[in-house]
Amino acid sequence: MDWVLIKNLKHHVGKEVEIRGWLYNQRATGKIRFLILRDGTGTVQCVLVKDENTDLFNNTGDITQESSLILTGTVREEPRSPLGVEITPLSVKILAKAEPYPITLKEHGVDFLSENRHLWIRTPRQSAILRIRSTVQRACRDFFHSRDFVLADSPIITPAACEGTSTLFEINYHDEKAFLSQSGQLYNEATAMALGRVYCFGPTFRAEKSKTRRHLMEFWMLEAEAAFFDFEDNMKLQEELVHHLARTVLSENRDDLKLLKRDVEKLEAVSLPFPRLSYTEAVKLLNDLGHPFEWGNDFGAPDETAISDKFQSPVFIHRYPARIKAFYMEPDPENPDVILGADMLAPEGYGEIIGGSQRISDPTLLRQKIAEHHLPLESFQWYLDLRRFGTVPHSGFGLGIERTVSWLCGIEHVREAIPFPRTLYRMYP
RNA sequence: UCCUCGAUAGCUCAACGGUAGAGCAACCGGCUGUUAACCGGUAGGUUGUAGGUUCGAAUCCUACUCGGGGAGCCA
């Protein structure tokens, strides 16, 4: 007998199959018992009628929620089922009866669910989000491989801050100070000079005491860097990537989006090219919207939401004032007060999902910018070497995975977009 | 770091200065199509911690602990 995943049951109508999983819930009416099983790919209802199989009916009444079991049965078409099929069981083997399960099908609070994250992820909603995250991560890799980018991982333990100002997690590296990486970008620039087009994909760490629905202490970032890409090439690459992610999730995770009650029309409305607004135009837009904002300041979350609300697709804000952005960003030759960089804001108030720029390729200018930002020159010797040995124009960006997944799923908080979130005041479990 | 809200049964909440209660979960019973099933019953409490006010505190005050939302900063 074939072991079949629940998501594939509809291809086995009329056949006897084996399902391995856990009891999600059961309901009984005296002479009919409904066992709802889950196996990680979905849930299916198994219907036991007392008069048809009395022994099995009597032996399944005390199976508790989340008990593990192997069930065999016949797949039957059933229009009343959301899945389209139901199972008429032939046998049930209980592997382990679960103790009373803390997470019931009723409502729970955030604190309780977070404390039980290891069990919370078993619920259909959380499983759907994690499946979509998996699709997003795979689609990122597929996208870059189809465009001749090489995966080149950046280190997680680093000797100094990449960008200077952020608060980093400090670790003891054999009695030497070291830090958890807050960005793989500088290393990406090195591998891009070796391999041409590269990306890295891993966790990054920020020790800032941020406590909002958009922040995690540990989050995953996809960072790409390409030699000979200018600022425009860079934005085109970014919008095609994000468009590809939305399309892929729409085609591969329809059921999950439905389970999450995501308004898929909003994702279907995402189209190329994405709108582009200069920082100066964005400032004007905010003021026109009755949202006073002074040129030279950085946008806060409410500002970003006000801007992104005007568009159906993610929107680029480019040419920010140089002094509110990182030291390595290339000044605009037409106006050195602004840089050739852009942030991408997701629709519906999900905020910044990408930050990118063309990088300074001139060694003298880079040295000057490092000094202006009061960064220790000695830490950047290897980085300056990249400009000494055959420097070329190059550009890159970083995409925050949890914010992207949150947007695609339409969920409230990034903590649900990663299996085990690390938030300001919680790292258990 | 700052602002703000919260902590009562395993869970979600009520009681707002006068005998701590409900729904769900657990346990017992009933019900032939349930979708967080439903109906009846049983059991379940040092009201986050410490102190104070009061004849009397879950309730008012102070401090602390833990957590939620947000700002700043960022992805």
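Note that these values count all heavy atoms, side chains included, but never hydrogens, waters or copies made by symmetry. So that the names make sense, note that chain A is the first sequence line, chain B the second, and so on, each numbered from 1.
With sequence neighbours excluded, no residue satisfies ring-ring contact (aromatic ring centres under 6.0 Å, His included) with A/His12. Listed by chain and number, the residues in a side chain to side chain donor-acceptor pair (under 3.5 Å) with A/Asp233 amount to none (sequence neighbours excluded). Residues forming a side chain to side chain donor-acceptor pair (under 3.5 Å) with A/Glu218 (at least two apart in sequence, or on another chain): none.
Heavy atoms of A/Ile354 sit under 4.0 angstrom from primed sugar atoms or phosphate atoms, though from no base atom. Using a 4.0 Å heavy-atom cutoff across all strands shown, A/Tyr425 reaches sugar-phosphate atoms only and no base atom. Using a 4.0 Å heavy-atom cutoff across all strands shown, A/Lys50 reaches no nucleic acid atom at all. Residue contacts for A/Gly351: at a heavy-atom cut-off of 4.0 Å it reaches no nucleic acid atom on any strand shown.
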With a cut-off of 3.5 Å and sequence neighbours excluded, list every side-chain donor-acceptor pair involving residues 126-133 of chain A.
unit_1, atom_1, unit_2, atom_2, d
A/Gln126, OE1, A/Arg117, NH1, 2.8
A/Gln126, NE2, A/Glu416, OE1, 2.8
A/Ser127, OG, A/Ile121, O, 2.9
A/Ser127, OG, A/Thr123, O, 3.2
A/Arg131, NE, A/Asp256, OD1, 3.1
A/Arg131, NE, A/Asp256, OD2, 3.3
A/Arg131, NH1, A/Gly40, O, 2.7
A/Arg131, NH2, A/Asp256, OD1, 2.8
A/Arg133, NH1, A/Glu402, OE2, 2.8
A/Arg133, NH1, A/Ala417, O, 2.8
A/Arg133, NH2, A/Glu402, OE2, 3.4

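Checked for salt-bridge contact, A/Glu304 and A/Arg214 miss the test: no charged N lies under 4.0 Å from a carboxylate O.
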Quick tally for nucleotides 26-34 of chain B: nucleotides whose base has a protein heavy atom under 4.0 Å get B, sugar-phosphate-only ones S, the rest -, giving -----BBBB
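With a cut-off of 3.5 Å on both pairing distances, the Watson-Crick and G-U wobble pairs of RNA chain B assemble into stems of 3 or more at B:1-7 with B:65-71, B:10-13 with B:21-24, B:26-30 with B:38-42, B:48-52 with B:60-64.
Close to B/A71, at under 4.0 Å from its OP1 or OP2, lies a side-chain N or O of A/Arg214. Taking side-chain N and O atoms only, A/His215 has no distance below 4.0 Å to OP1 or OP2 of B/A71.
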